[in-house]
Amino acid sequence: MQRIDFFNAVYDVVRCIPIGKVTTYGAIAKALGAAGSARMVGYAMNAAHTVIPRVPAHRVVNRKGLLTGRHHFKTPDTMQKLLEAEGHIITNHQIYHFENVFWNPYTEL
DNA sequence: ACTTTGACTATAA
DNA sequence: GTTATAGCCAAAG
């Protein structure tokens with residue numbers, strides 16, 4: 001029986017991120033009602049690639065818009081490439097106009 | 001049940 | 001840029 005695990009909840013929110021938007025670990029955690037558990041979001045993403053369907057983890061960045069999770073992809077360039085493919089602009093490992101493309105699951109969802 | 005870990009966040013040096 | 005410290009909290013060992 002599938003009960004909503006913390007991880008599953010994270011995946012669900014991440015999969016709801018619109019294309020062209022990004023969000024932060026802390027925002028997801030807060031949307032789950034577990035504000036302060038931003039680390040858990042990242043921890044969940046660590047296993048995200050083992051979950052179906054594919055979780056767009058590249059749309060999840062830290063609160064500064066930095067691609068801190070890029071090292072966990074197949075190659076460190078994968079995350080940036082995926083983001084660029086969705087219309088984002090990455091400069092110095094940071095999303096250009098991050099606040100402008102930030103998607104708040106707590107407000108939008 | 002206890003300890004370690006970690007894709008966070010904040011501040012400091 | 002790095003490293004340290006501290007707070008934070010759930011999963012994994």
Side-chain angles (χ1 to χ4, degrees):
Chain A
M1 178 50 195
Q2 44 174 232
R3 65 175 65 83
I4 49 172
D5 289 334
F6 192 93
F7 280 29
N8 193 4
V10 173
Y11 304 147
D12 191 36
V13 173
V14 173
R15 283 192 287 251
C16 289
I17 300 174
I19 297 177
K21 297 282 186 173
V22 294
T23 192
T24 68
Y25 301 98
I28 294 173
K30 184 175 182 181
L32 297 179
S37 299
R39 310 185 75 155
M40 301 300 85
V41 178
Y43 198 82
M45 306 289 17
N46 188 9
H49 77 101
T50 67
V51 173
I52 49 86
R54 182 171 63 86
V55 178
H58 57 276
R59 297 189 191 140
V60 184
V61 295
N62 77 343
R63 109 193 230 336
K64 294 187 180 72
L66 290 171
L67 283 58
T68 54
R70 74 198 133 116
H71 287 291
H72 289 258
F73 284 83
K74 215 170 69 174
T75 66
D77 296 338
T78 303
M79 190 175 191
Q80 178 173 339
K81 187 168 184 172
L82 287 170
L83 286 170
E84 289 177 342
E86 295 185 357
H88 297 291
I89 302 173
I90 312 302
T91 60
N92 195 15
H93 296 160
Q94 184 170 2
I95 296 178
Y96 182 69
H97 288 175
F98 165 65
E99 298 182 24
N100 196 35
V101 297
F102 172 66
W103 181 77
N104 188 341
Y106 190 76
T107 302
E108 303 294 333
L109 193 59

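Protein chains get the first letters and strands the later ones, always in sequence-line order, with residue 1 at the start of each.
For the pair A:Phe7 and A:Asn92, both in contact range of DNA chain C, the more 5′-proximal nearest nucleotide belongs to A:Asn92.
Remark: side-chain polar atoms of A:Arg70 are paired, donor with acceptor, to backbone N or O of A:Leu67 under 3.5 angstrom. Distance alone, capped at 3.5 Å, is enough to place a donor-acceptor pair between the A:Asn62 side chain and the A:Leu66 backbone.
Residue-level contact check: A:Phe6 touches the backbone only, with heavy atoms under 4.0 Å from sugar-phosphate atoms and none from bases. Residue A:Ala57 is classed as a base contact, given a heavy-atom separation below 4.0 Å to a base.
Between A:His58 atom NE2 and B:dA7 atom P the separation is 19 Å, expressed in whole Å. The interatomic distance linking A:Tyr43 (OH) with C:dA11 (P) rounds to 9 Å, in whole Å. Atom NZ of A:Lys74 is separated from atom P of B:dA7 by 20 Å (rounded to the nearest Å). We find that OH of A:Tyr11 is positioned 12 Å from C1' of C:dA10, with the value rounded to whole Å.
Open room surrounds OH on A:Tyr106; 12 or fewer heavy atoms of other groups in view lie less than 6.0 Å from it.
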Checklist entry - When every nucleotide of nucleotides 8-13 of chain B is labelled 5' to 3' by its protein contacts under 4.0 Å (heavy atoms), B for base, S for sugar-phosphate only, - for none, what sequence of letters results? => result BSS---
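Looking at heavy atoms from C-beta onward, A:Val22 lies out of side-chain contact with A:Val60 at the 4.5 angstrom threshold.
Relative orientation of the A:Tyr11 and A:Phe7 rings is perpendicular, given thresholds of 30° and 60° on the angle between their planes.
Side-chain atoms of A:His58 and A:Glu86 form a donor-acceptor pair, as typed in the model, at a separation below 3.5 Å.
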